[in-house]
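To find a chain, count down the sequence lines: A is the first, B the second, and so on, and within it residues start at 1.
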Amino acid sequence: MDYEDVMKLALERGFYFPSCEIYADAQAGFWEYGPSGISLKNKFLELWRRELIRRDGMLEIDGSQIMSKSVFEASGHLGNFADPIIKCTKCNSTFRADRTIAEISGIEIPESADLIEFDNAILQNNIKCPKCKGIFDNTKNFNMMFKVGIGPEEAEAYLRPETCQSIFVDFPRLFKIMRGKLPLGIAQVGKSFRNEIAPRQSLLRLREFYQAEIEVFCNPSKLDEIEKFSEVRDVVIRVQTDAESVSMTCEKAVESGIIPNKFVAYYLGILTEFYEKTGIDITKTRFRKLGDKEKAFYAKVAFDFEVETTIGWLELVACNYRSDYDLSNHAKKSKEKFDVMDNDEKVLPHVFEISMGIDRSLYTILEHSLKDDKEHDRIVLALKPYLSPVHVGILSLVKKDGLKEKADEIYLKIKRKCDAFLDHSGAIGRRYRRLDEIGSPFAVTVDHQTLEDETVTIRMRDSMEQKRIRILELDSMIIQSIAFP
RNA sequence: GCGGAGUUUGUCUAGCCUGGUAAGAUGUCAGCUUCCCAAGCUGAAGGUCGCGGGUUCAAAUCCCGCACUCCGCACCA
């Protein structure tokens with residue numbers, strides 16, 4: 001099933017839809033999660049916590065979305081996050097100044113240079129618009145951060161463009177009070193904000209989006225001394241360094257030098273194990289090693305975890321080795337001490353980052369799970385049971401003869417133990433189809449035999465098979481089946 | 001931001017060329033029927049025709065502007 005099919009399901013079944021849609025001045029790049037979407041998202045994050053945070057013994061925090069100017073001066077976002085852009089006065093096309101100048105004249109000017117340098121280069125080399133040969137206006141900075149004014153004086157502050165800056169600025173306190181030891185992972189789930197020029201494709205490029213970020217602080221001289229590596233030694237990952245991606249175990253990847261050390265390989269390994277459990281088709285994923293031009297300004301080594309969808313390869317997670325870039329810059333600007341003791345050694349920790357796009361991950365789970373079952377004329381969202389927005393539908397075969405009341409009674413008992421959905425109205429087949437579309441793995445039906453012997457039928461979403469079980473066994477059977485792996 | 005194509009009820013589509021006050025399917029709800037996979041019957045609700053302006057006696061329809069969605073380019077820290 002493709003993007004259009006997922007979009008239709010999202011709109012019809014309440015996974016997600018455009019923000020402020022009843023108003024004409026609604027802005028692009030903002031979407032809301034509906035009841036089914038939020039239920040899926042919550043379960044996805046629970047899995048993330050189990051497979052990464054708790055598994056590795058990380059700390060989780062929840063930081064502010066608005067952060068002070070100093071944070072982004074230190075992080076480099078105020079300087080580097082801005083792109084120098086030039087606009088043609090004739091056709092209004094916009095280009096990156098540094099790239100356009102380099103393409104036409106071969107002159108390389110760093111993107112962080114003074115704006116006047118770009119203007120001079122354009123003037124001296126007679127650079128014109130590549131499209132229409134028009135004249136360029138003066139170079140301007142386009143910063144992708146949203147500026148906000150705080151208090152009556154409207155003091156300058158910004159909506160964070162990535163969640164991780166909280167983790168860096170909180171690091172000294174957290175390390176002390178949580179009795180930190182390297183390596184230490186600190187994680188955060190939350191919203192980030194970027195003023196994209198052209199948001200598009202619903203959840204795939206948003207101006208306000210969810211990230212789940214993990215920053216692992218480590219001693220840079222001990223990157224191959226990680227005991228936990230044995231847990232992932234045999235986990236197969238797919239890595240792309242050149243044109244083709246190759247599958248190999250984490251151990252092989254380190255031995256061959258494709259992954260620089262055991263420390264990075266360990267985290268790529270547990271990330272892969274996590275994504276396997278989301279139901280994403282892991283054979284359609286790869287870790288792509290980024291070249292120098294593609295990497296973020298703070299990254300020394302970077303792997304993007306990408307997944308193949310019907311609209312192409314999609315970046316789900318950025319794995320960046322940020323070295324001591326962030327901590328040293330915050331230390332310099334704030335005068336706070338960021339170095340810590342690792343046994344007897346005083347070190348300024350390095351950081352390896354696993355920065356996950358939640359919205360894109362949820363889209364991919366939906367796309368990879370959505371099946372068109374032509375044989376039975378139905379659409380099935382074959383989600384893992386532990387991720388399904390609804391775990392079980394409780395249905396009465398017909399409304400009369402006390403079957404409705406019996407179904408009500410069962411629903412009442414089970415609804416606090418799992419996500420149950422009660423439905424009495426319409427043909428039974430129609431109700432099964434509706435549950436199939438939101439991915440409910442089970443449907444329990446109360447029929448006339450129920451009144452005689454206290455049994456119900458339980459229908460499996462994927463096979464459509466039905467079994468008769470005792471009501472007494474229902475709770476434990478369902479709770480067992482929807483448990484996280 | 002540039003170029004192209006679109007926008008009619010929850011969803012899909014007709015109507016637009018040739019202006020006369022919105023139609024169908026599906027879905028939803030209620031009732032009847034029905035002992036298990038979108039059946040049938042009866043009834044109901046649901047539309048600022050993306051937004052704003054113009055032309056006209058009259059605009060979903062013609063004209064202008066804008067927004068949003070999708071595709072391509074550029075961008076994606």
Would you measure the distance from the C1' atom in B:A39 across to the matching atom in B:C12 and give it in whole Å? 22 Å
Take atom NZ of A:Lys400 and atom C1' of B:U34, then tell me their distance rounded to the nearest Å. 7 Å
Does A:Gln449 put a side-chain nitrogen or oxygen below 4.0 Å from OP1 or OP2 of B:C36? no
Could you tell me the Watson-Crick or G-U partner of B:U56, where both distances fall under 3.5 Å? Say none if there is no partner. none
Aromatic ring pairing A:Tyr363/A:Tyr3, orientation class (parallel under 30°, perpendicular over 60°, tilted between): tilted
Is A:Glu454 salt-bridged to A:Lys406, cutoff N-O under 4.0 Å? yes
CZ of A:Phe193 versus C1' of B:C76: gap in Å, rounded? 18 Å
Paired with B:A22 by Watson-Crick or G-U wobble geometry, both distances under 3.5 Å: which nucleotide is it? none
Distance below 4.0 Å between A:Tyr432 side-chain N/O and B:A38 OP1 or OP2: no
Would you mind pulling out the nucleotide paired to B:C76, Watson-Crick or G-U wobble, both distances under 3.5 Å? none
When we call it a touch if two heavy atoms are under 4.0 Å apart, what does A:Asp447 touch: a base, just sugar-phosphate, or nothing? base
For a 4.5 angstrom cut-off between non-hydrogen side-chain atoms, does A:Lys413 reach A:Ile394? no
With a 4.0 Å cut-off on heavy atoms, is A:Ile458 in touch with a base, just the backbone sugar-phosphate, or nothing at all? nothing
Report which part of the nucleic acid A:Ala198 touches: base, sugar-phosphate, or nothing (heavy-atom distance under 4.0 Å, all strands). base
Hunt down the Watson-Crick or G-U wobble partner of B:U69, both distances under 3.5 Å, from any strand shown, or write none. B:A5
Between B:G10, B:U34, B:A39, spot the one nearest the side chain of A:Glu12, thanks. B:G10
Select base, sugar-phosphate, or nothing to describe what A:Thr457 touches, counting heavy atoms under 4.0 Å on all strands. base
Among B:C36, B:U11, B:U34, the one nearest any side-chain atom of A:Gln466 is B:C36
Among B:A38, B:C36, B:A74, which nucleotide sits nearest the side chain of A:Leu397? B:C36
Pick the P atom in B:A30 and in B:G15, then give their distance to the nearest Å. 35 Å
Would you indicate which nucleotide in B:U34, B:C37, B:C70 comes nearest to any side-chain atom of A:Ile428? B:C37
How many Å lie between CZ on A:Arg207 and P on B:A67, as a whole number? 11 Å
Using a heavy-atom cut-off of 4.0 Å across all strands, would you classify A:Glu465 as base, sugar-phosphate, or nothing? nothing
Look at the aromatic rings of A:Phe217 and A:Phe168 and report parallel, tilted or perpendicular, splitting at 30° and 60°. perpendicular
Integer angstrom distance from the C1' of B:U21 to that of B:G40: 36 Å
I'd like a list of close polar pairs between nucleotides 24-29 of chain B and the protein, N/O only, cut-off under 3.5 Å.
from: B:G27; atom 1: OP1; to: A:Arg430; atom 2: NH1; distance (Å): 2.8
from: B:U28; atom 1: OP1; to: A:Arg434; atom 2: NH1; distance (Å): 2.2
from: B:U28; atom 1: OP2; to: A:Arg430; atom 2: NH1; distance (Å): 3.2

Write down the distance separating the C1' atoms in B:G72 and B:C64, rounded off to the nearest Å. 27 Å
base_contact_polar (B:C37 base, A:His376 side chain, donor-acceptor, <3.5 Å): no
Spacing of the C1' atoms in B:A60 and B:C17 (rounded, Å): 14 Å
For nucleotides B:C16 and B:G10, find the distance between their P atoms and express it as a whole number of Å. 24 Å
When the distance from CG of A:Leu206 to C1' of B:C68 is rounded to whole Å, what number comes out? 15 Å
What distance do A:Glu306 atom CD and A:Arg286 atom CZ have between them, rounded to the nearest 0.5 Å? 4.5 Å
Could you tell me whether a side-chain N or O of A:Glu196 sits under 3.5 Å from a main-chain N or O of A:Arg205, the two making a donor and an acceptor? no
Quick one: does A:Glu196 reach the base of B:C76 with a side-chain donor-acceptor pair under 3.5 Å? no
Starting at CG of A:Leu11 and ending at P of B:C70, how long is that distance when rounded to a whole Å? 11 Å
Which nucleotide, B:C70, B:C68, B:A38, lies nearest any side-chain atom of A:Tyr3? B:C70
Under 4.0 angstrom between A:Lys399 side-chain N/O and B:G31 OP1 or OP2: yes
Could you let me know what B:G43 is paired to, Watson-Crick or G-U wobble, both distances under 3.5 Å, or none if it's on its own? B:C29
Name the one of A:Phe305, A:Tyr275, A:Tyr210 that satisfies side chain to side chain contact (heavy atoms under 4.5 Å, CB included) with A:Met356? A:Tyr275
For the C1' atoms, the ones on B:A59 and on B:G53, what distance do you get once it is rounded to whole angstrom? 13 Å
Measure centre to centre between the rings of A:Phe303 and A:Phe352, then say whether the value is under 6.0 Å. no
Taking atom types as they are modelled, would you say the side chain of A:Tyr23 forms a donor-acceptor pair with the base of B:C51 within the 3.5 Å cutoff? no
Is any NZ, NE, NH1 or NH2 atom of the basic residue among A:Arg461 and A:Asp373 found under 4.0 Å from an Asp or Glu carboxylate oxygen of the other? no
Scan A:Arg459, A:His376, A:Arg431 and name whichever one has a side chain to side chain donor-acceptor pair (under 3.5 Å) with A:Asp436. A:Arg459
d(CE, A:Met144; C1', B:G1) in whole Å: 13 Å
Between B:C66 and B:G3, how far apart are the P atoms? Round to whole Å, please. 11 Å
Assign each of A:Glu315 and A:Gln201 to its nearest nucleotide of RNA chain B by heavy atoms, then name whichever residue's nucleotide is nearer the 5' end. A:Gln201
Separation of atom CG in A:Asp2 from atom C1' in B:C70, rounded to whole Å: 12 Å
Name the one of A:Val6, A:Thr278, A:Ile282, A:Val307 that satisfies side chain to side chain contact (heavy atoms under 4.5 Å, CB included) with A:His368? A:Val307
Paired with B:U61: which nucleotide, if any, by Watson-Crick or G-U wobble criteria at under 3.5 Å for both distances? none
Rounded to the Å, how far apart are A:His424 NE2 and B:C36 C1'? 16 Å
Does B:C37 have a Watson-Crick or wobble mate here (both distances under 3.5 Å), and if so which one? none
Nearest to the side chain of A:Arg205, which nucleotide is it out of B:C76, B:C37, B:C12? B:C76
Considering only side-chain heavy atoms of A:Lys8, which listed nucleotide, B:U34, B:A38, B:U11, is closest? B:U11
Regarding B:C37, can its base be found pairing with the side chain of A:Arg459 as donor and acceptor, where the two atoms are less than 3.5 Å apart? yes
